[in-house]
Amino acid sequence: HSLVAIGTLLKGFESLSSNEFDGEFLKIFEQISQVVLITLENFIQFNIVRESSQFCIVRLFILLIKLPSSSAIESILEKFISLVMINFDLLKMEEINNFIHFLSQINHYCNNIQNINLMLNSLLSPLSTKILDRIESTSKTAQDDFTRREVIDLQKSFISFLLGISNDHLNSIWLTQENKELLVTIINTMLNYSINSLHDPQLMKIALGELGSLIDGLGTGRVIDTQDIFRNDSFVFENVQDILINNSILVCIDLSFKNDKVDIKDAQFRNNVLLEVCRLLRSIAFIGCQSPEAISQRLQNKLK
């Protein structure tokens with residue numbers, strides 16, 4: 001209750017602009033962060049403490065991100081994320097979802113801060129491995145609909161997090177030495193979800209969407225996005241054609257023509273899956289094009 005009260009008080013300052021915070025505010029924020037992190041470290045085995053601590057950290061993040069000159073946000077995030085990762089096995093499925101959503105916020109607001117980008121770069125592979133392991137282990141032992149639904153929700157949250165990486169112009173993170181191996185795992189996982197998730201067309205849709213985002217961002221084997229300030233032409237995905245492009249085409253063919261389990265007359269399947277298949281094929285067709293919309297318009301004009 002004390003932690004939630006602190007977080008609620010912090011929430012009351014979210015409407016203030018950066019020039020309304022002075023040095024005294026910053027000192028108080030740093031004191032609060034130390035109290036929250038020490039409490040979390042010593043009582044992390046309790047779910048109620050983990051949840052209320054994250055509530056406070058999220059509120060602190062929203063305030064400190066308004067002060068780009070402050071280095072406090074980096075040390076706070078590093079300590080908090082380290083504690084969560086070390087104790088990841090304690091987390092319930094809902095907590096993992098909340099943690100993923102918080103990381104998506106960090107990606108969105110800090111995509112141009114180098115030190116935080118480096119932290120996220122080193123975090124991506126171990127985090128993804130832990131999440132995929134939890135999904136696999138829980139799927140095997142799930143004996144009721146509630147647990148199965150939790151697994152699907154975690155799959156969707158994880159894919160949304162991956163989509164956010166592309167949307168926030170961070171595709172370069174996939175081609176670093178730390179994450180190139182993970183990229184292959186993610187592609188294979190999305191291919192698997194796209195083919196074998198007929199029980200949930202929405203899951204298939206976002207898995208296909210992630211394949212499309214990867215093709216839009218890395219389809220040439222290098223980072224295409226000019227807004228990615230960490231792009232490096234020396235970073236190359238050598239097997240992009242075989243692993244990403246060719247397999248995505250095969251998935252599109254399978255879902256459109258070959259899969260006996262697919263009912264293309266089903267409206268939900270058409271609206272969720274086949275529409276995304278079309279978008280994926282379009283991404284493949286326009287790999288490397290700076291303005292697919294302009295090229296598409298020219299093609300339509302020629303056809304007229």
Side-chain angles (χ1 to χ4, degrees), residues 81 85 100 103-104 106-108 110-133 158-195 206-254 276-296:
I81 290 172
M85 290 297 291
I100 293 172
L103 292 178
S104 295
I106 297 173
N107 282 340
H108 181 69
C110 304
N111 61 351
N112 60 349
I113 301 177
Q114 185 171 12
N115 287 342
I116 293 183
N117 179 267
L118 292 172
M119 179 184 68
L120 293 171
N121 177 62
S122 62
L123 171 68
L124 186 58
S125 283
L127 173 67
S128 298
T129 300
K130 288 179 180 292
I131 291 173
L132 292 174
D133 287 346
F158 181 54
I159 299 173
S160 296
F161 167 70
L162 300 178
L163 285 166
I165 291 176
S166 297
N167 294 336
D168 293 321
H169 313 293
L170 293 171
N171 278 309
S172 57
I173 204 170
W174 291 115
L175 300 185
T176 62
Q177 197 63 38
E178 294 87 348
N179 297 314
K180 284 181 73 173
E181 186 175 341
L182 170 68
L183 176 58
V184 176
T185 300
I186 292 299
I187 293 170
N188 288 330
T189 301
M190 295 305 106
L191 293 168
N192 178 40
Y193 288 172
S194 299
I195 292 291
I206 59 175
L208 289 164
E210 171 59 11
L211 290 173
S213 291
L214 290 174
I215 290 170
D216 289 338
L218 306 171
T220 63
R222 288 181 168 85
V223 177
I224 299 171
D225 188 359
T226 56
Q227 296 185 61
D228 189 335
I229 65 173
F230 300 105
R231 63 185 297 197
N232 188 327
D233 288 337
S234 65
F235 292 168
V236 181
F237 182 22
E238 296 85 355
N239 300 318
V240 63
Q241 187 69 41
D242 294 334
I243 296 176
L244 179 57
I245 308 301
N246 291 347
N247 283 327
S248 294
I249 293 172
L250 291 175
V251 163
C252 292
I253 293 171
D254 185 271
E276 206 62 48
V277 166
C278 294
R279 289 173 178 161
L280 179 55
L281 288 171
R282 184 176 184 276
S283 294
I284 295 170
F286 291 117
I287 288 174
C289 296
Q290 293 298 321
S291 180
E293 291 77 11
I295 295 175
S296 178

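- Nearest heavy atom pair, residue N121 against residue N179, reads OD1-ND2, 2.9 Å.
- The closest donor-acceptor contact from the side chain of N232 to the backbone of S234 lies under 3.5 Å.
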| query | Does the side chain to side chain contact (heavy atoms under 4.5 Å, CB included) test come out yes or no for F161 and N107, once each step is laid out? | reply | CA-CA 9 Å; F161 167 70; N107 282 340; 3.3 Å; yes
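- The side-chain contact (heavy atoms from CB on, under 4.5 Å) with N111 is formed by just one residue from the set D168, I165, I116, N117; it is D168.
- Considering every non-hydrogen atom in both L182 and W174, the closest pair reads CD2-CZ3, 3.9 Å.
- Residues S194 and V251 come closest through the heavy atom pair CB-CG1, 3.9 Å.
- Once rounded to the nearest 0.5 Å, the distance linking CG of L127 with CG of L132 reads 9.0 Å.
- Rounded to the nearest 0.5 angstrom, S248 OG and L191 CG are separated by 5.5 Å.
- In this structure, N188 contributes its side chain and V184 its backbone to a donor-acceptor pair below 3.5 Å.
- T226 is listed as a side-chain neighbour of R231, based on a closest heavy-atom distance under 4.5 Å.
- When side chains are defined from C-beta on, L214 counts as touching L183, because their heavy atoms get closer than 4.5 Å.
- Side-chain N or O atoms of D228 include one that pairs as donor or acceptor with a backbone N or O of N171 at under 3.5 Å.
- In this structure, L280 and V277 have side chains that are not in contact, with every pair of non-hydrogen atoms separated by 4.5 Å or more.
- Side chains of D225 and H169: a donor on one and an acceptor on the other come within 3.5 Å.
- Closest non-hydrogen pair, S213 versus L163, comes out as OG-CD2, 3.4 Å.
- Counting only heavy atoms from C-beta outward, the side chains of D216 and F286 never approach each other to under 4.5 Å.
- Taking 4.5 Å as the limit, every side-chain heavy atom of L124 sits out of range of all side-chain heavy atoms of E178.
- In this structure a side-chain-to-backbone donor-acceptor pair under 3.5 Å is missing from S128 to S125.
- Residues forming a side-chain contact (heavy atoms from CB on, under 4.5 Å) with T220 (at least two apart in sequence, or on another chain): R222, I224, I287.
- I159 places a side-chain heavy atom less than 4.5 Å from the side chain of Y193.
- Using a 4.5 Å cut-off on side-chain heavy atoms (C-beta onward), I186 and M190 make contact.
- Expressed to the nearest 0.5 Å, how far CG of L170 lies from CG of L120 amounts to 7.5 Å.
- Summarising the geometry of I187 relative to L211, their closest heavy-atom pair is O-CD2, 4.1 Å, with the distance given to 0.1 Å.
- Residues passing the side-chain contact (heavy atoms from CB on, under 4.5 Å) test with N246 are Q241, D242, sequence neighbours excluded.
- The shortest distance between side-chain heavy atoms of I131 and I100 falls below 4.5 Å.
- Listed for the T176 side chain is no donor-acceptor partner under 3.5 Å among the backbone atoms of S172.
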